[in-house]
There are 2 protein chains.
Amino acid sequence: MSPRTSTQLQALREERSMQILRAALKVFANQGYNGSTIEMIAREAGVAKGLLYSYFESKEKLLESLITYGLEKASAFLTEPPDGPQHTKEAFAANLRKMVQLFREEQDFWRLYSMLILQPKMAEKFKADAMSFLETYMSVYGSYFQQKQSKNPMAEAMLFGAVLDGLMFDLILSPDEYPLEEVLDMIIEKFA
Amino acid sequence: MSPRTSTQLQALREERSMQILRAALKVFANQGYNGSTIEMIAREAGVAKGLLYSYFESKEKLLESLITYGLEKASAFLTEPPDGPQHTKEAFAANLRKMVQLFREEQDFWRLYSMLILQPKMAEKFKADAMSFLETYMSVYGSYFQQKQSKNPMAEAMLFGAVLDGLMFDLILSPDEYPLEEVLDMIIEKFA
DNA sequence: ATTTTTTGACTGAACGTTCGGTCAAAATTA
DNA sequence: TAATTTTGACCGAACGTTCAGTCAAAAAAT
């Protein structure tokens, strides 16, 4: 029998696991997956490198856990129930700000995710998780462009998607100087 | 005296150099810089790996040559003199198509470049080349949004930049299904 | 005392880079 | 022209280093 209760044990392991995931995210995002070593991640987490292997079975599985967890967290954030009428200009603006907030709170994650999906082999690996998140995203924005007056709702939705992706990209490249508020107003003016 | 004339040698070396650069671009773009091996690049180029070191002094310098060359080529493409009036809606549309063409002709390069600038260390390394290209880009688009009627020309220019970045990103992720023509029309409708 | 967690020295495979040797082709010689 | 010399592009085995992953033993927890 175990000297500790299994629930206590589970909580401890959960916390260590998160500590390692946080460290891995930071290192992977800054050095890239192949440029990161297990040693770097262990040092960042403040533990010995052998310990990582009692929480994740390999470097590759560690990355997979990180991405799956990150996309699930993002989906959960997006599906928080909206607190007002939908399909209005105000709801559009609120959703837009929510997307930006989602991104800014998890910059490192989106930076890493962007790096990975640019490589075919990695994109393949995360296809399922990515599709799942895309569905969540579409449930937030999909209907907006359908009910809105537009010559070509599908093209407008695609373009808006590109705007979000490009905005994310540009915010990564110059997070401090970027005139975010003005650009958001411009997006609302053109798309809402 | 040299057994072969120096001009012949130079031409040979020039061709080999390009052959290696092409192979390196393909491998780097698909596997990422750290995920690529000199062996892979040599195999792709159809030469022995030792030969790479008589053309480029290291893996790192090979990458630097690749990026510098690619950005210079892109700048040259953009600075081809325009053949009509500027600042018109038609000129805007023509320039937009030129940007898309520039991207599609060098997809692998932009994919690699995007992956790299997401990593701080790499972004630092290519800062000078990137700034130089950005200036060329601004000379094509900068004045358009200034002379155009707009509540906030700077914000509109930034947003348009994000559109181009996001469009590039999305075209990388699904190059075949993407409804490019319809989205381009939508961009012209909203920005020209 | 017993069980679990943590450590870091260790291993072998894989990597970037080096280097002695080979060879086709150009220059030279006769 | 035919034989000889000279060149440097090219090859790939070998070297030192780095790294993911292992494991025996120490530390911690109760």
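If you're wondering where the values come from, they're calculated on a predicted model, not measured in any experiment. The sequence lines fix the lettering, A, B, ..., with proteins before strands; numbering per chain opens at 1.
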* Choosing from dC11(D), dT7(C), dT17(C), which nucleotide comes nearest the side chain of A48(A)? ->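 The answer is dT7(C), which lies nearest to the side chain.
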Euclidean distance, atom [atom1] of residue [X] to atom [atom2] of [N] [Å, nearest integer]:
{"X": "E14(A)", "N": "dT5(C)", "atom1": "CD", "atom2": "C1'", "answer": "17 Å"}
{"X": "K49(B)", "N": "dG16(C)", "atom1": "NZ", "atom2": "C1'", "answer": "7 Å"}
{"X": "E39(A)", "N": "dG21(D)", "atom1": "CD", "atom2": "P", "answer": "14 Å"}
{"X": "I41(A)", "N": "dT7(C)", "atom1": "CD1", "atom2": "C1'", "answer": "18 Å"}
{"X": "N34(B)", "N": "dG16(C)", "atom1": "CG", "atom2": "C1'", "answer": "12 Å"}
{"X": "R16(B)", "N": "dC11(D)", "atom1": "CZ", "atom2": "C1'", "answer": "11 Å"}
{"X": "K61(A)", "N": "dG21(D)", "atom1": "NZ", "atom2": "P", "answer": "11 Å"}
{"X": "Y53(B)", "N": "dG8(D)", "atom1": "OH", "atom2": "C1'", "answer": "20 Å"}

* Short side-chain N/O contact from R13(B) to OP1 or OP2 of dA9(D), under 4.0 Å ->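 It does, given that an N or O in the side chain of R13(B) lies less than 4.0 Å from OP1 or OP2 of dA9(D).
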* When rounded to the nearest 0.5 angstrom, what distance separates CG in L63(A) from OG in S58(A)? -> 9.5 Å
* **Straight-line distance of Y33(A) OH to M115(A) CE, nearest 0.5 Å** => 12.0 Å
Indicate, with a heavy-atom threshold strictly under 4.0 Å, whether [X] touches base, sugar-phosphate, or nothing.
{"X": "S54(B)", "answer": "nothing"}
{"X": "Y55(B)", "answer": "sugar-phosphate"}
{"X": "L51(A)", "answer": "base"}

* To do: For the pair F160(A) and F145(A), name the ring-plane relationship: parallel under 30°, tilted 30 to 60°, perpendicular over 60°.
  =>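 Plane angle between 30° and 60°, so tilted.
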* Lys/Arg cation over aromatic Y55(B): R16(B), 6.0 Å, 45° cone -> no
* Structure fact -> I20(A) and A45(A) have their tightest heavy-atom pair at CA-CB, 4.4 Å
* Donor-acceptor pair under 3.5 Å, K59(B) side chain vs dT17(C) base ->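 When only heavy-atom distances are counted, K59(B) does not reach the base of dT17(C) through any donor-acceptor pair under 3.5 Å.
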